[in-house]
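Side-chain atoms are counted along with the backbone in the values below, which use heavy atoms only and exclude waters and symmetry mates. Everything numeric in this text was worked out from a predicted model, so none of it was measured.
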Amino acid sequence: MNIQTGISIIMDRWLQVRREELIHLITDETHLREAEAIYEWARSHDAVLKTTVLPSKLIQNGEVVEKMADILSVANIIIGATDYSFITTRAVGEAVAKGARFLSLPLSCTDGTSLLENDFIDMDMARAKHMATRLLRRINRSDTLRVTTRKGTDLTFTKRGRVGGYFNGSAPRRGCVSSASFEVYVPVEEHSAEGELTLDGSAGYIGLIKTPVRIAFSKGRIVGAEGGDDANRLMDYIKSFRCQQMYNAGEFGIGLNTLARCRGVSYIEDESTYGTFHIGMGRNLSLGGCQDAAGHFDIVTHAPTIYAQGAMIVMDGEIL
């Protein structure tokens, strides 16, 4: 699809932008082409667009966004169209609580395309909602989650007092938060992950995993990783944050997008892919957790079998 079609999907279908609404677009210096196209859409639809361009290297840790909390709360709509997602920051939570609606639209792609040109954003929102509702009916009545895979994953999490939700692009009303990532998310207890993960999909901004990585979790933290170069790249990436909380799992996610493929081109597409699950490492504040880490990234694995309080809800990547 072309970039104008992608913008129309987001503005008309996902956000249902109305005339004279104030849209605050936050982007970075690497996505000025998309920002210009969004400005043209807003101008032709009688919406008011304020654009803030931030240095891309400062966005992942969220500090620069946190300083904008008061400004963000004035907007009707906030779009985070940067390389890195900042949906998990406290500033987003505060703006939404005051009535803004927020769309996380991380535009990072490794192949030179724009996220707005990729067909997976045309996923049927109603179908994703239907799948999410079925999963959450079980998940939100449960205190424990367990995931296994045929390649050796066997991990357990607890979520006492935590409520899962879903993203399907849609944020049409005051106080809505959504994401270009079509997924069920669960803000698991930050010190609960126990067991081993065989990672065979992708790892956040690192990209595709070429050789499966065996990751050991204890008391919620990654305590070891084996698997050659990919394992070393993953551990070096976590270390680069200089934050111990980045080793902690704060989110359990299930992909809902049947048009997406885990290709290592867009991490949003990877974690959205139907038949995968992901673990969000680090910050999880606006998802319903309490971990204020230096950043957030996801590790994506294929074909999970998932149990909620012992009841199977996904088998080998297929929602039951």
Side-chain angles (χ1 to χ4, degrees), residues 30 56-57 60 83-85 106-115 117-121 147-155 157 180-183 185 193 195-218 221-243 246-282 294-306 314-318:
T30 66
S56 58
K57 65 180 181 180
Q60 167 72 317
D83 253 1
Y84 299 105
S85 170
L107 296 173
S108 178
C109 289
T110 61
D111 65 351
T113 65
S114 169
L115 181 89
E117 298 170 315
N118 282 270
D119 290 345
F120 74 89
I121 67 171
V147 58
T148 65
T149 66
R150 294 182 185 272
K151 292 185 178 180
T153 297
D154 195 341
L155 271 172
F157 304 81
S181 176
F182 282 53
E183 63 174 276
Y185 65 86
E196 187 169 278
L197 171 71
T198 302
L199 174 63
D200 64 353
S202 70
Y205 306 91
I206 295 172
L208 280 183
I209 297 297
K210 298 174 183 176
T211 303
V213 177
R214 302 181 74 84
I215 303 174
F217 284 83
S218 178
R221 294 176 57 81
I222 292 178
V223 294
E226 299 178 354
D229 290 343
D230 284 332
N232 294 333
R233 285 196 304 149
L234 175 61
M235 297 306 285
D236 287 345
Y237 180 67
I238 299 174
K239 186 178 179 181
S240 72
F241 285 91
R242 299 182 181 179
C243 173
M246 289 301 297
Y247 292 88
N248 276 70
E251 176 203 1
F252 183 95
I254 303 170
L256 301 175
N257 194 325
T258 58
L259 300 181
R261 298 293 180 267
C262 186
R263 303 178 294 141
V265 172
S266 160
Y267 73 89
I268 285 293
E269 181 178 19
D270 293 348
E271 70 182 21
S272 295
T273 301
Y274 181 85
T276 67
F277 81 99
H278 57 272
I279 299 172
M281 305 300 300
H296 176 96
F297 74 97
D298 300 276
I299 48 181
V300 182
T301 299
H302 293 284
T305 295
I306 300 171
V314 177
M315 184 172 69
D316 295 332
E318 291 292 332

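Distance alone, capped at 3.5 Å, is enough to place a donor-acceptor pair between the T198 side chain and the K151 backbone. In terms of modelled atom types and a separation under 3.5 Å, the side chain of T305 and the main chain of D316 share a donor-acceptor contact. Panel note: side chain S202, backbone L208; no donor-acceptor pair is recorded below 3.5 Å. E269 places a side-chain N or O within donor-acceptor distance of the main-chain N or O of R261, the cut-off being under 3.5 Å. Although no hydrogens or angles enter the test, the distance criterion places no donor-acceptor pair under 3.5 Å between the side chain of N248 and the main chain of M281. In this structure, D154 contributes its side chain and T148 its backbone to no donor-acceptor pair below 3.5 Å. For T276 (side chain) and S272 (main-chain N/O), no donor-acceptor pair under 3.5 Å exists by modelled atom type. Panel note: side chain D270, backbone R263; a donor-acceptor pair is recorded below 3.5 Å. With hydrogens and angles ignored, the 3.5 Å screen pairs no side-chain donor or acceptor of T273 with any backbone N or O of G255.
Proximity of T258 to Y274: side-chain heavy atoms (C-beta onward) are separated by under 4.5 Å at one or more points. A 4.5 Å side-chain heavy-atom check between E251 and H278 finds at least one atom pair inside the cut-off. Between I268 and F120, the closest side-chain pair of non-hydrogen atoms falls below 4.5 Å.
Residues Y205 and Y237 bring no donor and acceptor atom of their side chains to less than 3.5 Å of each other.
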Decide side chain to side chain contact (heavy atoms under 4.5 Å, CB included) for V147 and F157; before the verdict, give the C-alpha distance in whole Å, the side-chain angles of both, and the deciding distance to 0.1 Å. CA-CA 9 Å; V147 58; F157 304 81; 4.2 Å; yes

Criterion side chain to side chain contact (heavy atoms under 4.5 Å, CB included) on D298 and I279, from CA distance to verdict: CA-CA 5 Å; D298 300 276; I279 299 172; over 6 Å; no

Salt bridge (charged side-chain N to carboxylate O under 4.0 Å, His left out) evaluation trace for D230 with R233: CA-CA 5 Å; D230 284 332; R233 285 196 304 149; 2.7 Å; yes

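The two atoms that bring G275 and P304 nearest to each other are O-CD, 3.3 Å, heavy atoms only. Closest heavy-atom contact between G227 and A231: N-CB, 3.5 Å.
T301 OG1 to F277 CZ: the interatomic distance, rounded to the nearest 0.5 Å, is 4.5 Å. Atom-to-atom distance recorded for E271:CD and L256:CG is 11.0 Å, nearest 0.5 angstrom. From D229, atom CG reaches atom CG of L234 across 12.5 Å, with rounding to the nearest 0.5 Å. Separation of atoms OG1 (T153) and CG (D200) is listed at 7.0 Å; rounding is to 0.5 Å. For the atom pair CD1 of I238 and CD1 of I206, the computed distance is 7.5 Å after rounding to the nearest 0.5 Å. Taking CZ of F252 as the start and CD of E183 as the end, the distance is 11.0 Å to the nearest 0.5 Å.
Around CD of E226, the count of heavy atoms belonging to other residues, nucleotides or ligands within 6.0 Å does not exceed 12.
Checking I121, N118, L115 one by one against S266, the side chain to side chain contact (heavy atoms under 4.5 Å, CB included) holds for a single residue, L115.
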